[in-house]
Amino acid sequence: MKITAVETEIEEKPVKHQFVWRKGLPGSGTHAITTKLTIKTDEGVDGVAYASRGTIMVDLVNRRLRDMLIGQDPLLKEHLWHEVWEIDRIEELPIYALGVVDIALWDLTAKVAGLPLYKVIGGARDRIPAYASTVTFKDTAEFLDVADQCLDYGFRAIKLHAWGDPKKDARLGQDLRHHVGPDIELMYDGSAGFDLLDSIYVGWALHEAGFLWYEEPMREFNIDAYRRLAAAVDIPLLSAETSDGAHYNIADFIRFDAAHLVRTSTGFKGGVTGGLRVAHLAEAFNMRAEVHGGGLPNLHLACAIPNTTYYESLIRSNPIDVEPGIGNDGAISPPDVPGIGWETELSQCH
Ligand SMILES: [Mg+2]
């Protein structure tokens, strides 16, 4: 089998629910821009992936990726994964661009196998609990209202993206725990809004409130700052969501005691191949690799690996508008069709 064409198509549409993140971070904006990447072959089977960016992805395909891919065997994914790393050495690819080719190649591979992707790459389970991952709402009352709606729907775990104010965020975590009681799992995502001192303060508050994990309170450039934080608080740290270098970088977070759980994803860790590497590396240390972000490739990854807990489902609005596929048991299954299942209604999952 040989790759015969690599096509891109930009799609722009209005955002259904505009939302904001913590103070300082850009929010959803008004329009979502996506690039569809299609890899075609001489045997008629093709692979598809989506990048949540526009012209920058098209430019990379036009200048680098298409020439590298044409004429290659699409099933030699390890080889092609390393070829993309070589392009990364020259281009310093955006982290979200690193895995797009790999995801399309795995879609193609699973179609050739006639199996859903998660059964090709691992098959740890066919259904996984989802957590409600909030955007940033206006005030505590609105967060508690949204939490009630999520629990009524069937979610059993909630993660906060709050305001990025250490005192207010700490109080929100404690108020939410008081509101939902002891049996709901709670997590907090700092989206890198703090320095070390504020991270320690929030970490202790979340520990007192019995949170399951404390995610990315600082930018992930400096591993030593995470090591110091891990030594200073008792709450489990979930680290390395946005750090560059996939498993090469995660190895250092683990080696230097800068994480209790690590982030993996198809989006930021080099596609399916990189996401699996991170998960398997973590498993060797009896650590969980929690899958960052929603969408079908991440859902397949989460169902493929044993050492993860949840699928991340973004709650973008109040009233809540739960993505397709999440049942009233708060869980979700990948599409039971060959490949990733882009043609199913679950392709609308976030
Ligand atoms: Mg996060």
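Read the numbers this way: they start at 1 and go in the same order the structure lists the ligands and their atoms.
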Under the rule for side-chain hydrogen bond (donor to acceptor under 3.5 Å, both in side chains), what residues qualify as partners of R228, not counting sequence neighbours? D224
At less than 2.8 Å, would any N/O/S atom of E216, backbone or side chain, sit next to the Mg ion (ligand 1)? no
Tell me, which N, O or S atom in E241 is closest to the Mg ion (ligand 1)? OE1
Can an N, O or S atom be found in E215 less than 2.8 Å away from the Mg ion (ligand 1)? yes
Any luck finding a side-chain donor-acceptor pair between E312 and N298 under 3.5 Å? no
Relative to the Mg ion (ligand 1), which of the N, O or S atoms in D189 is the closest? OD2
Side chain to side chain donor-acceptor pair (under 3.5 Å) for H79 and D73? Distances and angles first, verdict last. CA-CA 9 Å; H79 165 66; D73 181 343; over 6 Å; no
Could you point out which residue of T273, D102, T109 forms a side-chain hydrogen bond (donor to acceptor under 3.5 Å, both in side chains) with K77? T109
